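Below is one structure, written out as structure tokens; comments come after it.
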Amino acid sequence: MPPVITPRTLKGFRDLLPAQALAREQVLQTARQVYRSYGFAPIDTPALEYLEILTGKGSEETDKQLYRFTDHGNRQVGMRFDLTVPFARFAAQHIGAIGTPFKRYHLATVWRGENTQRGRYREFMQCDFDTIGTTSPVADLETVLVVHDLLEAIGLERFTIRLNDRRILSGILQTLGLTEQTTVVLRGLDKLGKQPAEAVARELTGHGIPAATADRLLSLAGLSGTATDVLAGLEPLVGAAEVGQAGIKALANLFTGLAAAGVPAGRVLIDPVIARGLDYYTGIVLESFLDEMPGLGSICSGGRYDNLAGLYTKQQLPGVGASLGIDRLLAGLEECDQLEGAETPADIFLAHFDHAHVADYLRIAAALRAAGMAVDFFPEPKKLGQQLKWAGKKGFRLALVIGSDEFAGGTAQVKHLATQQAATINWHGDLAVLVDAVHSQLEAGG
RNA sequence: GUGGCUGUAGCUCAGCUGGUUAGAGCGUCGGUUUGUGGUACCGAAGGUCGCGGGUUCGAGCCCCGUCAGCCACCCCA
């Protein structure tokens with residue numbers, strides 16, 4: 001007997017059981033539907049890229065997190081750590097074929113060799129969508145609308161989209177004379193949600209920023225209320241800086257658009273502290289949070305950038321987009337027990353009751369499937385009670401019980417597994433009648 | 001990557017200052033006589049106490065390492 005190998009998965013990598021995989025697939029399907037409803041088209045790119053493509057940005061952080069290796073052809077290879085960089089390469093390479101404006105979505109797995117935490121894995125999926133080749137505010141508005149529609153379509157009850165515009169921050173930094181310390185300031189502001197204001201203030205003054213200036217920056221966090229209120233509060237901080245004024249105006253217009261599109265007030269608000277770590281954002285930036293779990297972090301983030309593919313082409317490609325972190329979202333929902341527990345994708349359980357009628361069962365199952373219903377036919381003629389117990393646990397909606405008595409009488413029993421209510425169908429051996437009856441039972445079952 | 005906490009049956013945990021064959025609830029499986037589940041009763045299976053090493057007459061309990069999870073920093077989905 002050879003020793004068994006311990007079954008295990010790598011840190012940050014995990015298996016999905018049916019309930020989790022079904023939940024993920026359902027969200028993916030929702031994302032596809034919403035993205036497509038706005039005209040975004042799917043693309044795909046390889047999981048592996050030439051290392052130079054991925055490290056081109058030169059950020060040491062991504063360098064550290066990259067999974068990299070040398071392949072058998074002695075090529076330096078990296079695994080993609082997001083979908084934006086591969087998209088930039090893709091756009092640069094194919095812009096002649098796709099033309100602008102171009103709207104794409106991309107649902108795929110990415111890998112980051114960073115430390116794990118709740119909702120943070122080393123392998124996870126992102127659901128990106130972007131519009132490139134236009135600087136129109138309509139595209140910005142549409143991005144927010146897509147995020148809103150998506151979160152709503154997923155069935156989230158309580159979520160908040162937080163919006164800001166990098167130009168406002170730029171304006172404030174200009175007015176305060178802190179343009180040189182942009183990185184330090186934005187990083188500090190980003191922490192305001194998690195850390196006490198004093199700690200952030202200390203960090204800022206530690207970088208040589210005068211205490212009075214730091215206080216003005218921190219006052220950003222105190223701004224709250226409606227979009228109009230917050231923007232009014234930002235005016236004096238932005239002062240005469242033109243970029244900042246442009247940002248304020250853009251956000252004001254954006255909120256007008258959101259209202260026109262029917263987004264409920266309160267779903268989207270302005271958070272002047274949102275900056276987003278990535279340095280390529282230049283216009284609006286957004287993050288979204290589950291109201292119940294702010295600690296989970298943003299589940300859907302994005303923004304506008306001036307030049308997506310500058311590393312790979314001379315052509316300037318502005319764009320705007322966002323990304324849903326589906327695994328983080330699902331981790332959050334699972335923790336709140338908000339995931340549906342079904343372990344089967346099929347609605348109908350067909351009991352294997354009378355072994356002599358296997359051919360009939362197969363015929364019935366085929367007819368139901370042909371009508372678009374998913375049917376699971378139990379493989380063995382176990383005791384009916386056990387079959388029903390199994391079916392109930394798996395989360396089927398209907399159980400179809402047809403034994404020799406039913407076959408003799410041309411009837412069938414349909415059982416709603418959740419409520420235990422049963423109905424008798426008279427189909428007289430006519431499959432079409434049976435299919436219709438089962439279908440209407442499914443609809444009725446809610 | 002750095003620091004802190006944690007790791008006992010599928011799940012949630014108990015296991016007194018280290019001492020004989022490691023327990024409970026839930027779940028799973030089987031049964032409570034012939035064709036009907038989630039309630040009740042009976043019974044069974046399932047753990048080399050994450051893994052490896054050390055200290056000890058003796059370790060689930062102590063020490064070291066390692067792997068994994070959680071939290072913070074960092075960064076982000």
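Note that the structure is a prediction, hence the values are computed from the model and not measured. Naming: A, B, ... by sequence-line order, numbering from 1 per chain.
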Distance-only check: which donor-acceptor pairs under 3.5 Å involve side-chain atoms of residues 113-121 of chain A, not counting sequence neighbours?
from: A:E114; atom 1: OE1; to: A:Q65; atom 2: NE2; distance (Å): 3.3
from: A:E114; atom 1: OE1; to: A:R120; atom 2: NH2; distance (Å): 2.9

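- In this structure, A:D165 does not pair ionically with A:R304, as no charged nitrogen and carboxylate oxygen lie closer than 4.0 Å.
- Comparing B:C26 with B:C70, their P atoms sit 29 Å apart, to the nearest whole Å.
- Distance noted for atom P between B:U55 and B:C63: 15 Å (whole Å).
- Distance CZ (A:R122) to C1' (B:A68): 11 Å, rounded to an integer number of Å.
- With rounding to the nearest 0.5 Å, the separation of CG in A:L48 from CG in A:D71 is 8.5 Å.
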* Once each nucleotide of nucleotides 25-38 of chain B is scored for protein heavy atoms under 4.0 Å, what B/S/- sequence comes out, 5' to 3'? -> ---S-SSS--BBBB

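- At distances below 3.5 Å, not a single donor-acceptor pair connects side-chain atoms of A:R328 with backbone N or O atoms of A:C300.
- Between the CG atom of A:L286 and the P atom of B:A77 there is a distance of 11 Å, rounded to whole Å.
- No hydrogens or angles were tested; on distance alone, a donor-acceptor pair under 3.5 Å links the side chain of A:R328 to the base of B:C76.
- In A:H352, the NE2 atom is crowded: over 12 heavy atoms of neighbouring residues, nucleotides or ligands sit closer than 6.0 Å.
- Rounded to whole Å, the C1' atom of B:G23 lies 7 Å from the corresponding atom of B:G15.
- Taking the C1' atom of each, B:A45 and B:U2 are spaced 45 Å apart, rounded to whole Å.
- A:L400 has its side chain out of reach of A:V375: every pair of non-hydrogen atoms, C-beta onward, lies at least 4.5 Å apart.
- Contact annotation: side chain of A:R8 to base of B:A68, donor-acceptor pair absent below 3.5 Å.
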* Given A:K11 and A:R122, is the side-chain contact (heavy atoms from CB on, under 4.5 Å) satisfied, shown in steps? -> CA-CA 7 Å; A:K11 180 185 178 74; A:R122 290 184 168 175; 3.6 Å; yes

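- Across B:G19 and B:G58, the matching C1' atoms stand 7 Å from one another, rounded to whole Å.
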* To do: Take nucleotides 39-49 of chain B nucleotide by nucleotide from the 5' end and write B, S or -, depending on whether a protein heavy atom sits under 4.0 Å from the base, only from the sugar-phosphate, or from neither.
  => -----------

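- Taking a cutoff of 4.0 Å between a charged side-chain nitrogen and a carboxylate oxygen, A:R112 and A:D82 do not qualify as a salt bridge.
- Applying the side chain to side chain donor-acceptor pair (under 3.5 Å) rule to A:R187 yields no partners; only residues at least two apart in sequence or on another chain are considered.
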* Going 5' to 3' through nucleotides 69-74 of chain B, assign each nucleotide B (protein heavy atom under 4.0 Å from a base atom), S (under 4.0 Å only from sugar-phosphate atoms) or - (no protein heavy atom that close). => SSBBSB

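- Residues A:F129 and A:F87 place their aromatic rings such that the two centres sit no closer than 6.0 Å.
- With both ends at atom C1', the span from B:C42 to B:C61 equals 36 Å, rounded to whole Å.
- If you measure from atom CD of A:E334 to atom P of B:C11, you get 13 Å, rounded to the nearest angstrom.
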* **Pair pattern of RNA chain B in dot-bracket, where unpaired bases get dots and | marks partners in another strand, Watson-Crick or G-U under 3.5 angstrom** => (((((((..((((.....[...)))).(((((.......))))).....(((((..]....))))))))))))....

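- Taking 4.5 Å as the limit, every side-chain heavy atom of A:L176 sits out of range of all side-chain heavy atoms of A:V185.
- For the P atoms, the distance from B:U6 to B:C29 is 36 Å, rounded to whole Å.
- Within a 6.0 Å radius of CD in A:E157, no more than 12 heavy atoms belonging to other residues, nucleotides or ligands are found.
- The number of heavy atoms from other shown groups lying within 6.0 Å of CD (A:Q421) does not exceed 12.
- Taking atom C1' in both B:C64 and B:A59, the straight-line distance is 15 Å, to the nearest Å.
- Scanning all heavy atoms of the two residues, the minimum distance from A:P345 to A:A374 falls at O-CB, 4.1 Å.
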